[in-house]
Number of protein chains: 2
Amino acid sequence: MMNYTTLLKEYNLKVTPQRVAIVEELYANGHMNIDDLYKKLLAKFPSISLATIYKNVNAMIEKVFLNEVKIPNSKSVYELVKDEHSHLVCSSCGKIEDLDLNVSSLIEEATTLKNYTIKQSSVVFTGLCPNCSK
Amino acid sequence: MMNYTTLLKEYNLKVTPQRVAIVEELYANGHMNIDDLYKKLLAKFPSISLATIYKNVNAMIEKVFLNEVKIPNSKSVYELVKDEHSHLVCSSCGKIEDLDLNVSSLIEEATTLKNYTIKQSSVVFTGLCPNCSK
DNA sequence: GTGTTTGCAAACATTTTGCAGTCAC
DNA sequence: GTGACTGCAAAATGTTTGCAAACAC
C-alpha cells in the first residue's frame, strides 16, 4: 500500500485532492492517457477541468515523478517513474504492460557503432496480447 | 540514384510535383518533421499549403510508404519505409540516425515473458552525438 | 498570511475537412 | 473526360495561458 501524500511531498508537489487522485489512478492502472485520466477524475471531481489535468501532469513530469510514453499509432500515456523498462502494447485491446528487458547489450552495440553517449532508451513493442491472439 | 516517379507509382500514389518533392526531401534528409517538410517545400512551391503536406504524409503512411517515428521529448518525424531498424537521437543538436541493431533476441525474450505475438518494434535511444559530446 | 492550485474562459497550436479549380493519366 | 490532388478557408482537436477565487501549509 502506498502513501500518496508522502510521495507527492517528496517530489515537492503540494498535496491537493486532485493530485492525489491522479497518482491513485496511475498507480491503479499503470498507464493512462490524458482522456483516461480526465474521465476518471471527473467521477470524483465533477467540476474538474482538463486544464488542471494538463497542468498537473506537466508539473509531475517536470519533477521527474511522471514519465510520458510515446506509443506508435496511439496517444501518449503517462506512468509513475520507476526503473527503466520496456513496454508491450496490444494493438487490439490497447492494453499496455511493463516489461523488464535487458537493453544494456543493445546500448553497448549502439554506442560502439555510432559513438553516441546514450542517456535514455525507449523500447515499445506492439502486437497482440495473449487474450487477443486467441 | 532513385527514380521517385516510379517509386510513387509502385505504391499507387499519383505522381504530383509536390509528392515528388516530399520523397526527394525525405530521401536526402532521412528524417523530417512536418514543419521541416513544409519549410523545404515552400522554397520550391511558394503557395503550397500545410494541408497538402498533411494530406500527402497521411496518404503515404496509409500506403505504408512512409513511417512515423515518435520521439521522446520531440516532434514526430517521418521516414521512407525500409527494413526495420532502430533510431539514435541527439538531444543537443536534434540529429537522428538509423541504426541496425539485433532486436530479435529482445523480441524473443518479450514473447517468452509475456506471451504476446509481437508485430512491430520501436527502439529509440536518446543521447549525445559524437560532435555534441565533445 | 503567502504563495500555489483550481476551474473557467480565452488564446494558441496542431491537424483535418469541404470545396472550387486544376492536374494526372 | 474522370477522378484525384492542390490550396484556401473554416472547422475540429489538442494544449496552454491569464486570472479571480479557493486552498495548502
Side-chain angles (χ1 to χ4, degrees), chain A residues 3-26 32-63 65-78, chain B residues 3-26 32-63 65-78:
Chain A
N3 186 333
Y4 305 118
T5 297
T6 310
L7 203 52
L8 283 167
K9 279 182 184 157
E10 278 171 13
Y11 283 86
N12 286 307
L13 291 160
K14 294 238 156 108
V15 178
T16 66
Q18 293 86 343
R19 283 180 179 168
V20 171
I22 289 175
V23 181
E24 279 174 3
E25 288 299 338
L26 286 174
M32 301 175 84
N33 65 35
I34 291 287
D35 287 339
D36 294 339
L37 270 173
Y38 182 49
K39 280 173 196 150
K40 281 287 192 179
L41 289 231
L42 261 184
K44 291 185 187 170
F45 307 94
S47 67
I48 199 173
S49 159
L50 240 190
T52 299
I53 308 285
Y54 277 109
K55 284 175 198 170
N56 282 327
V57 165
N58 289 337
M60 291 175 182
I61 289 173
E62 186 85 17
K63 302 281 187 182
F65 176 51
L66 292 194
N67 179 39
E68 177 182 2
V69 184
K70 292 201 175 185
I71 306 210
N73 316 310
S74 187
K75 291 183 186 166
S76 287
V77 296
Y78 302 89
Chain B
N3 185 333
Y4 306 117
T5 298
T6 309
L7 203 52
L8 283 167
K9 278 182 183 157
E10 278 171 10
Y11 282 86
N12 286 308
L13 291 159
K14 294 239 157 109
V15 178
T16 68
Q18 292 86 344
R19 283 180 179 168
V20 171
I22 289 174
V23 181
E24 280 174 1
E25 289 298 339
L26 286 174
M32 301 174 83
N33 65 33
I34 291 288
D35 287 339
D36 295 339
L37 269 172
Y38 182 49
K39 279 173 196 150
K40 281 288 193 177
L41 288 232
L42 262 183
K44 291 185 186 169
F45 307 94
S47 67
I48 200 173
S49 159
L50 241 189
T52 299
I53 308 284
Y54 275 109
K55 283 175 197 168
N56 282 327
V57 164
N58 288 337
M60 291 175 183
I61 288 173
E62 185 85 17
K63 301 284 187 179
F65 177 51
L66 292 194
N67 180 39
E68 177 181 2
V69 184
K70 292 202 175 185
I71 305 207
N73 315 310
S74 185
K75 291 183 186 168
S76 288
V77 295
Y78 301 88

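Below, read A as the first sequence line, B as the second, and so on, with proteins coming before strands; counting in each chain starts at 1.
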In whole angstrom, give the distance that lies between atom [atom1] of [X] and atom [atom2] of [N].
X	N	atom1	atom2	value
B:M60	D:dC5	CE	P	10 Å
A:Q18	D:dA24	CD	C1'	11 Å
B:R19	D:dA4	CZ	C1'	8 Å
A:K55	D:dG14	NZ	C1'	16 Å
A:K75	D:dT15	NZ	C1'	13 Å
B:K63	D:dA4	NZ	P	10 Å
A:F45	D:dA22	CZ	P	18 Å
A:K9	D:dA24	NZ	P	11 Å

Looking only at heavy atoms, which two atoms of [X] and [Y] are closest? And how far apart?
X	Y	value
A:S76	A:N33	O-CB, 3.2 Å
B:L50	B:Y38	N-CE1, 3.6 Å
B:L8	B:M60	CD2-CE, 4.0 Å

Pick base, sugar-phosphate or nothing for [X], based on heavy-atom distances below 4.0 Å to the nucleic acid.
X	value
B:S47	sugar-phosphate
A:I34	nothing
A:P46	nothing

Going by heavy atoms in the side chains, are [X] and [Y] under 4.5 Å from each other?
X	Y	answer
A:I71	B:K70	no
A:N73	B:E68	no
A:K55	A:Q18	no

Exercise for review: Please find the earliest and latest nucleotides of DNA chain C, in the 5' to 3' direction, that have an atom within less than 4.0 Å of any heavy atom of chain B.
Suggested key: C:dT14 to C:dC25
Exercise for review: Using the closest heavy atom to pick a nucleotide of DNA chain C for each, name whichever of A:T16 or B:K14 lands nearer the 5' end.
Suggested key: A:T16
Point to revise | Candidate list A:I53, A:I48, A:N56, A:L42, test side-chain contact (heavy atoms from CB on, under 4.5 Å), partner A:L37, passing option | key: A:I53
